[in-house]
Amino acid sequence: MPKAKKSSRRKKFDYSQDRKKLKKQFLKKQNPRIGNLQIRNAWNNKKSTTRNLQEMGLAFDPNRALPIKKQRILSDEMETDASVSIVMKPYVLKQLEEEASRPEKDSKTLSSDLMEYVQHMIREHNEDFKAMARDEKNYYQDTPKQIKRKVNEYKRCHPEHYAAFMKSLANK
């Protein structure tokens, strides 16, 4: 049986390949960028992913960390716990818990155009969303439900601004 042609051909250097770029791609796959600052600082590149996470008190495989216990017919048998790992870097776990316990800041804001639009609609029609939908300033032809959603969004994102606006309307 004849040999394949490529197997007998001698190897030539490929000048079209960028070796530096290939090395960067290889290293990027070998050591992926860790997004979390605490884990990144405690990471040891000489150890495996499983070992690093185990030392921090984290689980690489959640199925092994918290195995599903099968129901047994006889409950008299002794239950054996999964192997308990010693946490070498507990400060990482504490920092992660502290970060998770902080309240999330609501950073959503509305555009000034939308705020003016909602204020105009409330000023002209109060809480009558059907009349708002028929208003000539309703350029985008929002339905009453869409306008109601925008008003509620304004109330949620800027509660003190909304309260001041309603107070100024009551004074007039």
Side-chain angles (χ1 to χ4, degrees), residues 1-75 77-118 139-143 145-162:
M1 192 176 263
K3 278 174 126 180
K5 284 187 179 180
K6 276 196 170 184
S7 64
S8 63
R9 195 181 337 160
R10 94 177 184 167
K11 303 250 185 210
K12 294 179 186 173
F13 186 79
D14 188 5
Y15 288 97
S16 64
Q17 283 286 341
D18 187 356
R19 309 304 278 171
K20 191 175 183 182
K21 189 176 179 183
L22 286 174
K23 186 177 179 185
K24 273 187 179 179
Q25 286 175 346
F26 175 75
L27 290 175
K28 197 172 188 180
K29 285 181 184 174
Q30 279 305 107
N31 300 324
R33 176 100 171 119
I34 300 167
N36 192 294
L37 182 67
Q38 291 89 355
I39 295 175
R40 189 182 332 136
N41 291 337
W43 197 265
N44 185 352
N45 284 329
K46 291 182 172 59
K47 295 183 180 177
S48 68
T49 307
T50 310
R51 176 65 63 200
N52 269 311
L53 291 174
Q54 195 175 37
E55 284 181 358
M56 292 179 218
L58 302 172
F60 178 72
D61 185 9
N63 295 324
R64 285 188 183 165
L66 298 170
I68 299 171
K69 295 177 181 169
K70 296 178 182 176
Q71 292 181 349
R72 295 184 179 162
I73 298 171
L74 299 171
S75 61
E77 294 179 29
M78 293 288 233
E79 292 183 22
T80 57
D81 292 333
S83 61
V84 179
S85 60
I86 299 167
V87 179
M88 305 282 277
K89 301 173 184 176
Y91 61 92
V92 176
L93 208 54
K94 288 176 185 166
Q95 288 173 346
L96 288 172
E97 286 173 351
E98 182 184 308
E99 186 182 327
S101 67
R102 284 190 214 130
E104 190 175 324
K105 191 175 182 182
D106 189 18
S107 62
K108 185 166 185 196
T109 58
L110 299 177
S111 67
S112 57
D113 294 339
L114 187 60
M115 288 171 62
E116 287 175 25
Y117 169 75
V118 169
Y139 302 125
Y140 298 111
Q141 297 183 345
D142 293 328
T143 63
K145 271 195 172 179
Q146 288 172 322
I147 295 172
K148 185 177 182 180
R149 200 174 302 125
K150 286 180 182 178
V151 169
N152 289 336
E153 191 76 11
Y154 175 62
K155 288 179 188 177
R156 189 182 65 78
C157 290
H158 304 283
E160 22 341 277
H161 204 270
Y162 175 74

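Keep in mind it's a predicted model, so treat the numbers as computed, not measured.
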Asker: When rounded to the nearest 0.5 angstrom, what distance separates CG in N44 from CE in M88?
Answerer: 11.0 Å
Asker: Excluding sequence neighbours, so at least two apart, what forms ring pair (Phe, Tyr, Trp, His ring centres under 6.0 Å) with Y139?
Answerer: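 Y139 satisfies ring pair (Phe, Tyr, Trp, His ring centres under 6.0 Å) with no residue once adjacent residues are dropped.
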Asker: Name all pairs fulfilling the salt bridge (charged side-chain N to carboxylate O under 4.0 Å, His left out) condition that reach into residues 50-59, sequence neighbours left out, sorted by first residue then second.
Answerer: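 Listed by first then second residue: K47-E55, E55-K89.
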Asker: Cut-off 3.5 Å, no hydrogens considered: what does the side-chain donor-acceptor table look like for residues 16-25, sequence neighbours left out?
Answerer:
| from | atom 1 | to | atom 2 | distance (Å) |
| --- | --- | --- | --- | --- |
| S16 | OG | D14 | OD1 | 2.7 |
| S16 | OG | D14 | OD2 | 3.4 |
| D18 | OD1 | K20 | N | 3.4 |

Asker: Which residues satisfy the side-chain hydrogen bond (donor to acceptor under 3.5 Å, both in side chains) test with Y154, sequence neighbours excluded?
Answerer: Q119, H161
Asker: Which residues pass the side chain to side chain contact (heavy atoms under 4.5 Å, CB included) test with N63, sequence neighbours left out?
Answerer: D61
Asker: Could you tell me which residues satisfy side-chain hydrogen bond (donor to acceptor under 3.5 Å, both in side chains) with T143, sequence neighbours excluded, listed by chain and number?
Answerer: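 Result, side-chain hydrogen bond (donor to acceptor under 3.5 Å, both in side chains) vs T143: Q146.
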Asker: List for me each residue that meets side-chain hydrogen bond (donor to acceptor under 3.5 Å, both in side chains) alongside Q95, sequence neighbours excluded, and say none if there are none.
Answerer: none
Asker: Applying side chain to side chain contact (heavy atoms under 4.5 Å, CB included), name anything that partners L96, two or more places apart in sequence or on another chain.
Answerer: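 By the side chain to side chain contact (heavy atoms under 4.5 Å, CB included) rule, L96 matches N36, Q38, I39, L58, V92.
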Asker: For T49, what residues pass the side chain to side chain contact (heavy atoms under 4.5 Å, CB included) criterion, not counting sequence neighbours?
Answerer: W43, L53, F60
Asker: List in chain and number order the residues that pass side-chain hydrogen bond (donor to acceptor under 3.5 Å, both in side chains) with K28, two or more places apart in sequence or in another chain; answer none if no residue qualifies.
Answerer: none
Asker: Atom CG in N41, atom OH in Y91: separation rounded to 0.5 Å?
Answerer: 8.0 Å
Asker: Which residue pairs pass the salt bridge (charged side-chain N to carboxylate O under 4.0 Å, His left out) test with at least one member in residues 150-162, sequence neighbours excluded?
Answerer: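 Every salt bridge (charged side-chain N to carboxylate O under 4.0 Å, His left out) pair that includes a residue of residues 150-162, provided the two are not neighbours, is D106-R156, K108-E153, D142-K150, E153-R156.
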Asker: Just jot down the ring pair (Phe, Tyr, Trp, His ring centres under 6.0 Å) partners of Y15, sequence neighbours excluded, or say none.
Answerer: F13
Asker: What is the distance from atom OH of Y140 to atom CD1 of I147, rounded to the nearest 0.5 Å?
Answerer: 13.0 Å
